[in-house]
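What follows is a set of notes on a single structure, which appears directly below.
Here is the naming used below: chain letters follow the sequence lines, and residue numbers restart at 1 for every chain.
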There are 2 protein chains.
Amino acid sequence: MEGHEDIEEVLSRLKAEDFKLTQQRRLIVQKLLSDEDNHPSAEEIYHMVRSEDPEVGLATVYRTLDLLQRLDIVHKVNFGDGKARYEMRGEQHQHHHLLCTECGLIHEVGEDLLGEVEEKLTARTGFRISDHDVKFYGLCPDCLCSEVQAEAQQ
Amino acid sequence: MEGHEDIEEVLSRLKAEDFKLTQQRRLIVQKLLSDEDNHPSAEEIYHMVRSEDPEVGLATVYRTLDLLQRLDIVHKVNFGDGKARYEMRGEQHQHHHLLCTECGLIHEVGEDLLGEVEEKLTARTGFRISDHDVKFYGLCPDCLCSEVQAEAQQ
DNA sequence: ATCTCTGCAAACCATTTGCAACCGT
DNA sequence: ACGGTTGCAAATGGTTTGCAGAGAT
């Protein structure tokens, strides 16, 4: 979707913080980077990794994701379907998610449009806002189109 | 925090949809209304209800919350602490939550400030947006103050 | 009297944890 | 060789479900 850091950069960050560069961690980062637009869950990452090394355990995937998250390399998102999903943090720190309630499509909006809103909130509440978590729900263009057609047929 | 519908109004909505008005449902709605500012979890509602009728089961609380949610009477929110929380849907349909990352305070902002952002997103993506889920994270005024004092002491 | 609703306990499912073996440094 | 890291299996914790009995209409 946009230019990402490559594997080596991520791995060198791990090394810099004195974490070991295991094959498992390498694989997990690699799969995470290659499947970035899909917002994979831990289980899905586990399967992707397993297709290359069937010895890797699910617990390791969870532990690695947790580590990457603490290092701000990975972002954990919750779309309300009962499992967490993970995405690399790109250079753009914030982006928004649009979820289609019909087909489940997840559309990303690269820009952060909430700066103004946060300023208003700071002025109004005295909070020092440092982060936000935003999801928009609605119909994607395709499903919207199908709905209009269905209405016309009645 | 703001004028809510009273119990009778909610219960008559249930009756209108042909659901039975049981003592358990009465109690759950009542506790939900009386504890509106606290964003109780299912377990917390369960305890509140149990203080009045120790026979009520946790499953009933979950089933009732699910029902109320389907009828748009209750809104389920996820603050990322592993359990869902519930609040009555007031007349104002949307509001935002500000979460203090230090003390856990949850501050509500009654107004919906996202209309403009949604318009931009619609224009940009073609989605027909119908709802959103927004949380802001930061320091509440009190914790911000404590932090400033701590810095001064160094 | 009917049929929904309830309580209980067991099932579920994502995630976490204890522990002995393993492997990157 | 040391100590972080792993795989396994068991534990956890919130939520759901099957079922027989209870209660609202």
Side-chain angles (χ1 to χ4, degrees), chain A residues 7-8 10-29 31 39-71 73-86, chain B residues 8 10-31 39-71 73-86:
Chain A
I7 300 196
E8 294 315 319
V10 172
L11 296 180
S12 65
R13 272 215 262 170
L14 273 184
K15 189 174 253 170
E17 304 248 13
D18 267 339
F19 292 105
K20 293 189 176 168
L21 268 60
T22 63
Q23 181 59 17
Q24 292 88 327
R25 287 174 177 172
R26 247 183 258 274
L27 273 172
I28 290 166
V29 170
K31 293 305 176 189
H39 302 85
S41 65
E43 191 98 33
E44 285 161 355
I45 295 164
Y46 170 65
H47 287 308
M48 290 191 281
V49 168
R50 279 213 143 205
S51 73
E52 229 150 293
D53 178 353
E55 301 290 288
V56 178
L58 182 53
T60 300
V61 174
Y62 275 106
R63 283 186 284 231
T64 301
L65 289 171
D66 194 59
L67 171 64
L68 294 173
Q69 198 197 351
R70 289 200 311 271
L71 296 177
I73 293 170
V74 147
H75 190 223
K76 187 177 181 178
V77 269
N78 192 328
F79 289 146
D81 59 349
K83 50 195 142 210
R85 299 177 172 281
Y86 301 84
Chain B
E8 295 315 319
V10 173
L11 296 181
S12 64
R13 272 216 263 171
L14 274 183
K15 189 175 254 169
E17 305 246 12
D18 265 339
F19 292 106
K20 294 192 176 166
L21 268 60
T22 63
Q23 182 58 19
Q24 292 86 328
R25 287 176 177 170
R26 249 182 257 275
L27 273 172
I28 290 166
V29 171
Q30 178 196 315
K31 291 305 177 191
H39 301 84
S41 65
E43 192 99 24
E44 284 161 356
I45 295 164
Y46 170 64
H47 286 309
M48 289 192 282
V49 168
R50 279 212 144 210
S51 73
E52 229 149 295
D53 177 356
E55 301 291 286
V56 178
L58 181 54
T60 299
V61 174
Y62 276 107
R63 285 187 281 231
T64 301
L65 289 170
D66 195 57
L67 171 64
L68 294 173
Q69 199 197 351
R70 289 201 311 272
L71 296 178
I73 293 169
V74 148
H75 190 221
K76 187 177 179 177
V77 270
N78 194 326
F79 290 145
D81 59 349
K83 52 194 141 208
R85 298 178 173 279
Y86 301 83

- request: Report the residues that fulfil side chain to side chain contact (heavy atoms under 4.5 Å, CB included) with B:D81, sequence neighbours left out, ordered by chain and then residue number.
  value: B:F79, B:K83, B:R85

task: Can you sort out which residues in residues 52-69 of chain A have a heavy atom within less than 4.0 Å of DNA chain C? Ascending by number, please.
output: A:L58, A:A59, A:Y62, A:R63

statement: Comparing nearest nucleotides in DNA chain D, the 5'-proximal residue of the pair B:A84, B:Q24 is B:A84

message: Give me the atom names and distance for the closest heavy-atom approach of B:E43 to B:L58.
response: OE1-CD2, 4.2 Å

query: Is there a residue in residues 12-19 of chain B whose heavy atoms reach under 4.0 Å of DNA chain C, and which residues are they?
result: B:F19

- request: For the helix from C:dA1-D:dT25 to C:dT25-D:dA1, measure the angle between the helix axis at one end and the axis at the other, each built from five pairs, rounding to 10°.
  value: 30°

query: Where is the tightest heavy-atom contact between B:L21 and B:L11, given as atom of each residue plus distance?
result: CD1-O, 3.7 Å

field: Of B:Q23 and B:K76, the one whose closest DNA chain D nucleotide lies more 5'
entry: B:K76

field: chain B footprint on DNA chain C, 5' to 3' - any atom under 4.0 Å from a heavy atom
entry: C:dC3 to C:dC8

query: Mind checking what makes side chain to side chain contact (heavy atoms under 4.5 Å, CB included) contact with B:K20, not counting sequence neighbours?
result: B:T22, B:R25

message: Is it the case that the side chain of A:T64 and the backbone of A:V61 share a donor-acceptor pair, with hydrogens and angles ignored and the cut-off at 3.5 Å?
response: no

- line: Residue set satisfying side chain to side chain contact (heavy atoms under 4.5 Å, CB included) with B:N78, at least two apart, ordered chain then number -> A:N78

task: With sequence neighbours excluded, tell me which residues meet side-chain hydrogen bond (donor to acceptor under 3.5 Å, both in side chains) with B:E52.
output: B:K31

task: Can you see which heavy atom on A:L71 is nearest to which on A:R13, and at what distance?
output: O-NH1, 3.7 Å

- prompt: Is B:K20 touching bases, backbone alone, or none of the nucleic acid, heavy atoms closer than 4.0 Å?
  reply: base

task: Sequence neighbours left out, what passes side-chain hydrogen bond (donor to acceptor under 3.5 Å, both in side chains) with A:Y46? Give chain and number order.
output: A:R50

Closest non-hydrogen atom pair between A:V74 and A:L65, with its separation: CG1-O, 4.4 Å

statement: Rounding to 0.5 Å, atoms CD1 (B:I45) and CG (B:L27) come to a distance of 12.0 Å

All side chain to side chain contact (heavy atoms under 4.5 Å, CB included) counterparts of B:A59, not counting sequence neighbours: B:R63

NZ on A:K76 to OG on A:S41, rounded to 0.5 Å: 12.0 Å

field: Pairs involving residues 53-62 of chain B, ordered by first then second residue, that meet side chain to side chain donor-acceptor pair (under 3.5 Å) (sequence neighbours left out)
entry: none

message: Need two values: the first and the last nucleotide of DNA chain D, 5' to 3', having an atom under 4.0 Å from any heavy-atom of chain B.
response: D:dG14 to D:dT25

